[in-house]
Amino acid sequence: MQGAMAAPSVAPVTRQISGRAAPAAVPDPSGPESGQSLAAAVTDLPVLDASGRRVLFGALFRERRAVVVFVRHFLCYICKEYVEDLAKIPKSFLQEANVTLIVIGQSSYHHIEPFCKLTGYSHEIYVDPEREIYKRLGMKRGEETTSSGQSPHIKSNILSGSIRSLWRAVTGPLFDFQGDPAQQGGTLILGPGNNIHFIHCDRNRLDHKPINSVLQLVGVQHVDFTSRPSVIHV
């Protein structure tokens, strides 16, 4: 069901397509008002890979469908544990469905490799350091206090998770928050081409979509996330 839409100051690229009623305005004045394709103002924006190489956002899903997960920031323990579960999706499952899995963060590209080692994530990953794509897609800054329920992907409580995040910040080679701490993420299903099949903008840090519910939408097999991760928590 397509959610109701608050009146933005500029025309949106798309609307939120989900079971929630929360608005997801996309502030791109060059885009269409309703949501079945991304405007060039979004697809022509660059992301960076782990080497700092620029890649056009639209090139990531030009040839096939992609599940694109925007995370808050790489020090967020909730994002870390969510991506640990994304890492458990077998590549063979994605290949069978002809689907690409992509994570996008908003840190410097220097943080990509350490984050992948920490989470065990080996699928595609990029960063949008200036958060231009986040902004164009209407990703929220700040948090709504509405309860998002219990996530099946988050194992830590807020105290232990926050302590580990702070420890990673102060012991890392670069002392920064690896992104804007107020930025929220979201999940999209895009492609081939500029087609939008699904978009969910998180209202708060716990409002991410359950992974299997997204995989079902693209015909990827159900994944058992109950097994313990092989990565070391620090």
Side-chain angles (χ1 to χ4, degrees), residues 3 5-10 12-16 18 20-29 41-42 45-48 57 68-86 102-112 114-115 118-119 121 125-151 153-188 199-210:
M5 187 164 183
S9 58
V10 292
V13 167
T14 185
R15 300 180 182 179
Q16 177 152 321
S18 74
R20 301 182 183 277
V26 184
D28 183 347
V42 180
L45 288 170
V47 291
L48 305 179
F57 179 56
V68 185
V69 178
F70 288 79
V71 298
R72 295 180 62 243
H73 57 88
F74 288 163
L75 278 180
C76 169
Y77 76 91
I78 292 172
C79 300
K80 169 184 171 288
E81 294 183 2
Y82 190 79
V83 173
E84 283 175 349
D85 276 1
L86 289 176
I102 301 167
V103 166
I104 295 181
Q106 38 127 356
S107 73
S108 163
Y109 71 88
H110 297 95
H111 292 298
I112 292 179
F115 184 72
L118 180 68
T119 58
Y121 182 84
I125 183 168
Y126 304 89
V127 291
D128 173 23
E130 303 301 321
R131 298 186 294 112
E132 288 299 327
I133 300 173
Y134 283 79
K135 296 171 188 175
R136 291 285 186 175
L137 293 176
M139 301 290 177
K140 182 178 176 62
R141 285 193 78 252
E143 297 197 60
E144 294 183 21
T145 57
T146 304
S147 174
S148 298
Q150 182 67 36
S151 169
H153 305 292
I154 308 307
K155 299 87 181 172
S156 301
N157 60 46
I158 188 169
L159 177 60
S160 63
S162 298
I163 290 173
R164 281 197 289 266
S165 293
L166 181 60
W167 178 252
R168 286 168 52 209
V170 300
T171 58
L174 298 173
F175 181 36
D176 62 42
F177 285 99
Q178 302 185 23
D180 180 355
Q183 179 67 58
Q184 303 303 315
T187 301
L188 299 91
I199 178 168
H200 169 82
C201 294
D202 299 345
R203 295 178 295 173
N204 56 56
R205 67 189 66 191
L206 289 171
D207 191 38
H208 48 251
K209 298 297 291 182

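Note that the coordinates shown come from a computational prediction; the quantities given were computed from them, not determined experimentally.
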Backbone of [Y] reached by a side-chain donor or acceptor of [X] within 3.5 Å:
X    : Y    : answer
Y82  : K209 : yes
H208 : V71  : no
Q183 : K140 : yes

Taking the side chain as every heavy atom from C-beta outward, state whether [X] and [Y] have any atom pair closer than 4.5 Å.
X    : Y    : answer
L118 : K80  : yes
R131 : D180 : yes
Q184 : R141 : no

Parallel, tilted or perpendicular: rings of F70 and Y134 (30°, 60°):
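Rings of Y134 and F70: perpendicular, as their planes differ by over 60°.
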Residue among V103, L48, I125 satisfying side-chain contact (heavy atoms from CB on, under 4.5 Å) with I112:
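Answer after filtering V103, L48, I125: I125.
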State, to 0.1 Å, how close C201 and G138 come at their nearest heavy-atom pair, and which atoms those are.
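That closest heavy-atom pairing would be SG-O, 4.0 Å.
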Smallest separation among heavy atoms of M139 and L188, with atom names:
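Looking at all heavy atoms of both residues, the shortest contact is CE-CD1, 3.8 Å.
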[X] side, atom [atom1]; [Y] side, atom [atom2] - distance, nearest 0.5 Å:
X    : Y    : atom1 : atom2 : result
F115 : S107 : CZ    : OG    : 9.0 Å
I102 : F57  : CD1   : CZ    : 7.5 Å
Q106 : D128 : CD    : CG    : 8.0 Å

